[in-house]
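Small disclaimer: the values here were computed from a predicted structure and weren't measured. First listed ligand is number 1; within each ligand, the first listed atom is number 1. Note that these values count all heavy atoms, side chains included, but never hydrogens, waters or copies made by symmetry.
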Amino acid sequence: MSDGHFKKIALIGVGLIGSSISHAARRGGLVDSITGHARTAETRDTAVRLGLIDTAHATAAEAVQDADLIILCVPVGACAKVAEEIAPYLKQGSIVTDVGSVKESVVNDVAPHIPSGVHFIPGHPIAGTENSGPEAGFAELFDNRWCILTPLDNGDAAATAKLKAFWQALGSDVDVMTPQHHDMVLATVSHLPHLIAFNIVNSARHLEQVTDREVIKYSAGGFRDFTRIAASDPVMWRDVFLNNKEAVLEMLGRFTEDLTDLQRAIRFGDGDKLERLFTEARGVRQGIVESGQDTAAPDFGRHAGANEPASE
Ligand code: NAP
């Protein structure tokens with residue numbers, strides 16, 4: 001069985017996810033050296049200063065040379081261009097993976113560029129925070145969170161097993177599914193909730209009868225928890241919605257129907273219905289706490305300033 005160790009890892013993108021992979025890989029002794037590329041010199045310099053990468057490269061092509069594991073940690077919309085650029089420089093037998101929040105579009109964008117003899121195995125850790133950049137990462141981000149791999153139909157089983165062992169050694173549990181199924185599941189548990197949070201926060205901003213000051217002052221009434229999700233990186237989320245259009249629109253259609261149902265129950269004073277629906281929803285929360293994906297502690301166990309490995 002593979003131990004998940006790689007001699008040389010290349011991180012293309014050293015933001016929240018790339019830097020957390022570096023912290024967790026170093027913690028587990030999973031790698032001898034890490035090279036990295038980011039778009040700006042500022043991020044590259046910060047990544048070297050923090051010890052996230054041993055060498056920084058101005059191009060992705062330079063960063064991947066001689067690497068055994070290449071991890072694309074850039075926004076989903078940037079994957080095609082990066083894959084095209086690195087393709088001629090990939091070592092035979094190496095593994096290319098990604099961490100993108102959408103899988104079918106990444107498969108379509110990246111797979112055609114990967115040369116034979118190189119293993120492309122798409123992946124997505126279901127772990128994150130609303131923070132971005134190389135300073136946002138921490139080693140515990142993936143502990144007890146799920147990582148989903150969506151291997152290609154003709155993929156190499158041994159390479160998939162090695163990548164699975166790597167993610168397990170980073171602290172994750174690993175599931176395998178098709179890219180299409182991944183995109184529908186994530187539209188439900190992540191993309192739609194983020195869309196709703198972005199929308200609720202903006203709706204509150206545009207109110208005339210309630211001032212911005214009141215919205216902030218009384219935010220502990222529920223609004224505050226939506227603002228944390230809505231503080232997530234706008235570029236990352238733009239790319240998620242552009243690339244998971246069908247699944248998100250399907251979920252949005254269902255959500256709108258259910259919302260209309262609630263609207264009618266309120267309009268016609270149907271208290272029994274409201275109580276039944278709220279009771280069912282409450283049960284989902286209990287299931288999440290029981291499965292160890294969140295804590296039942298007051299304030300969700302989160303404290304001001306603490307990292308919150310809870311959202312994606
Ligand atoms: P992030 O903190 O904003 O970091 C993005 C990194 O990619 C930065 O190093 C950035 O470099 C680099 N980058 C951006 N565009 C690039 C380009 N065109 N070419 C080369 N490098 C580029 O983002 P993140 O949160 O780590 O997200 C990265 C990926 O992880 C996304 O695909 C996202 O869907 C996925 N993901 C995110 C979360 C989450 O909660 N945030 C969770 C799971 C998966 P500069 O800093 O120099 O611009």
Side-chain angles (χ1 to χ4, degrees), residues 10-24 34-50 52-53 56-64 70-86 97-107 109-110 122-138 140-142 145-150 167 170-172 179 182-183 185-187 189-191 193-194 197-198 228-244 248 307-312:
L11 294 174
I12 308 303
V14 197
L16 168 70
I17 300 297
S19 63
S20 296
I21 290 175
S22 169
H23 284 298
I34 306 180
T35 62
H37 162 72
R39 218 173 14 174
T40 61
E42 190 189 347
T43 297
R44 296 195 293 271
D45 292 346
T46 306
V48 172
R49 179 172 53 79
L50 296 176
L52 300 168
I53 54 178
H57 301 272
T59 67
E62 286 171 290
V64 303
I70 298 95
I71 313 178
L72 311 184
C73 305
V74 295
V76 166
C79 286
K81 202 162 162 284
V82 169
E84 186 180 8
E85 182 193 335
I86 64 176
T97 187
D98 77 302
V99 296
S101 307
V102 182
K103 292 278 57 84
E104 195 176 6
S105 72
V106 170
V107 171
D109 287 351
V110 173
H124 178 204
I126 314 299
T129 75
E130 69 279 23
N131 301 317
S132 309
E135 295 185 271
F138 52 102
E140 299 76 23
L141 181 66
F142 309 113
R145 299 283 169 247
W146 286 94
C147 178
I148 297 175
L149 300 182
T150 64
W167 275 105
L170 291 182
S172 289
H182 166 279
D183 289 355
V185 171
L186 266 292
V189 300
S190 172
H191 306 169
H194 275 80
F198 290 129
R228 187 182 68 74
I229 296 178
S232 301
D233 186 63
V235 172
M236 167 187 157
W237 284 98
R238 178 202 66 192
D239 282 7
V240 166
F241 292 111
L242 292 179
N243 287 281
N244 199 20
V248 168
N307 286 315
E308 299 174 5
S311 112
E312 134 64 341

When rounded to the nearest 0.5 Å, the distance separating CG of L52 from CZ of R44 is 14.5 Å
Keeping the roles fixed (side chain from N243, backbone from D239), state whether a donor-acceptor pair exists under 3.5 Å. yes
Atoms of ligand 1 under 4.0 Å from any heavy atom of A127, numbered from 1 in the order shown, are 42 (C), 43 (C)
Going by the atom numbers of ligand 1, which of them fall below 4.0 Å from some non-hydrogen atom of G128? 40 (O)
Checking E62 now: which residues fulfil side-chain hydrogen bond (donor to acceptor under 3.5 Å, both in side chains) with it, not counting sequence neighbours? T59
Does any N or O atom in L16 lie less than 3.5 angstrom from one in ligand 1, N or O only? yes
Side chain, backbone, both or neither: the part of I17 lying under 4.0 Å from ligand 1 by heavy atom: both
Working to the nearest 0.5 Å, report the span between CG of D233 and CG of L16. 9.5 Å
Run the numbers for me: atoms of ligand 1, each under 4.0 Å from some heavy atom of P125, listed by number. 43 (C)
Show me which atoms of ligand 1 lie under 4.0 Å from any heavy atom of S101. 33 (C), 34 (O), 35 (C), 36 (N), 44 (C)
Ligand 1 to S132, heavy atom cutoff 4.0 Å, flagged ligand atoms 2 (O), 3 (O)
Looking at I70, T35, D98, I71, which hits side-chain contact (heavy atoms from CB on, under 4.5 Å) with I12? I70
Quick one: does E42 get a heavy atom under 4.0 Å from ligand 1? no
What atoms of ligand 1 come closer than 4.0 angstrom to any heavy atom of V76? 32 (O)
A student comparing V14, T129, I12 should find that the heavy atom closest to atom 9 (O) of ligand 1 comes from V14
Below 3.5 angstrom, do we get any N/O pair linking G13 and ligand 1? no
Please state which option from V74, I21, V99 has its nearest heavy atom closest to atom 32 (O) of ligand 1. V74
Closest to atom 16 (C) of ligand 1 (judged by heavy-atom distance), picking from R39, R44, M236: R39
Part of P134 within contact of ligand 1 (heavy atoms, under 4.0 Å): neither
Ligand 1 atoms in contact with H124 (distance to a heavy atom under 4.0 Å): 43 (C), 44 (C)
Rounded to the nearest 0.5 Å, what separation is found between the CG atom of L141 and the OG atom of S172? 8.5 Å
Proximity winner for atom 6 (C) of ligand 1, if only heavy atoms of A41, C73, A47 are counted: C73
Decide side chain to side chain contact (heavy atoms under 4.5 Å, CB included) for I126 and H124; before the verdict, give the C-alpha distance in whole Å, the side-chain angles of both, and the deciding distance to 0.1 Å. CA-CA 6 Å; I126 314 299; H124 178 204; 3.4 Å; yes
